[in-house]
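The next block holds one structure in the form of structure tokens; read it before the comments.
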Amino acid sequence: MSKLESLIRQTEIIKLAKRKPFDWETLDDLLTRKEEELDRKLRISKRTFHRDLVDIASLFGIQISFDFKTALYAIDPESSSEQHEKLLEAFDMLQVFGPRGKTPPYLLFEERKAIGTEYLSPIIHAIKVQKKIQIQYEKYWLWESEQRILKPLALKEFKQRWYVLTLDEKDKFKVFGLDRIKELQVLNETFTPSKTIDFRAYFRDVFGIINSEESPVEEVILTFTEFKGRYIKSLPLHPSQEILLDDGQVLTIRLRVKIAYELIAEILSHGDEVRVDAPERLKELVREKAENILHSIIK
DNA sequence: GATAGAATTAAGCAGTGAGG
DNA sequence: CCTCACTGCTTAATTCTATC
């Protein structure tokens, strides 16, 4: 009954609950099957199951409760958020790797450099206890690196990279990519944030991580080819994505975002499978880039 | 590496209370 | 007023940790 086993058990409960509401027998059957499959002791008493439900609520933020009308356990929809999908994914990976962490030869991971995930846990700790961090940061455009002392506020993921959101020495809001941090130290110096920022609101209208306060939120309308459209539907570009037209020929979507470098880069990455319909300013920006490509101009 | 003691984890049981 | 989910408490077992 190791910690890992209870985590596996709890993720199985969550996965079952996500598929459909279930009763005790169904869960017991599932755990019995999984017990053989994974060669771990997973079957539990009803008492432990109830304790697990409490743990799941606090650990994953997913509330599973009993519905007397159907006599089934189900997830309370308002309590579960998409954020926890990541946690579930992580535990799934943990199971694949096994306790000894060896990668089977039939799993081929994308080869990439370290993306700084090793800093995640110290930074999370620093944010929680409000301690300053000192980082050695490698700039993209310089050979040299700089040392900074920062007040960490939050972590944000974008396109498989992690960024730490901070206030710098002058209490200015700054974002740093974890993959460019060469060294990190949590200082034994606490701070009280000079301002509280509602990050969900802060990033709601932003594509990417750079938020230029002054630029307005605009309605961006994009049309994709049918093939690309399927991809965009399954992996929305932005939470604000709405489908305006999906007729089997093309897919037209609307985003409500600020127009910035990262949005343009995203659009260009889809090549000739996307068309900018609005606004005119974005159309012009993309056209300019496209013409530069055509004439082999780099800027 | 072994061992003792501490800490964690789960089971069982009894009692409570909500829903029908 | 009956059933069954749920909770608190105790006990047993297992895992972790510190120490030699």
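Side-chain atoms are counted along with the backbone in the values below, which use heavy atoms only and exclude waters and symmetry mates. Below, chain A is the first sequence line, B the second, and so on; all start at residue 1.
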Distance in angstrom units between [X] [atom1] and [N] [atom2], rounded:
X       : N     : atom1 : atom2 : result
A/Arg47 : C/dC4 : CZ    : P     : 19 Å
A/Leu53 : C/dT7 : CG    : C1'   : 13 Å
A/His50 : C/dC6 : NE2   : P     : 4 Å

A/Lys228 atom NZ: more than 12 heavy-atom contacts under 6.0 Å: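 Enclosed.
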Side-chain heavy-atom pair A/Val257, A/Asp205 within 4.5 angstrom cut-off: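 A/Val257 vs A/Asp205: side chains apart.
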Side-chain heavy atoms of A/Ile267 within contact of A/Lys289, under 4.5 Å: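 No, their side chains stay 4.5 Å or more apart.
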Polar pair under 3.5 Å, donor/acceptor by atom type, side chain A/Arg51, base C/dG8: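 No pair found.
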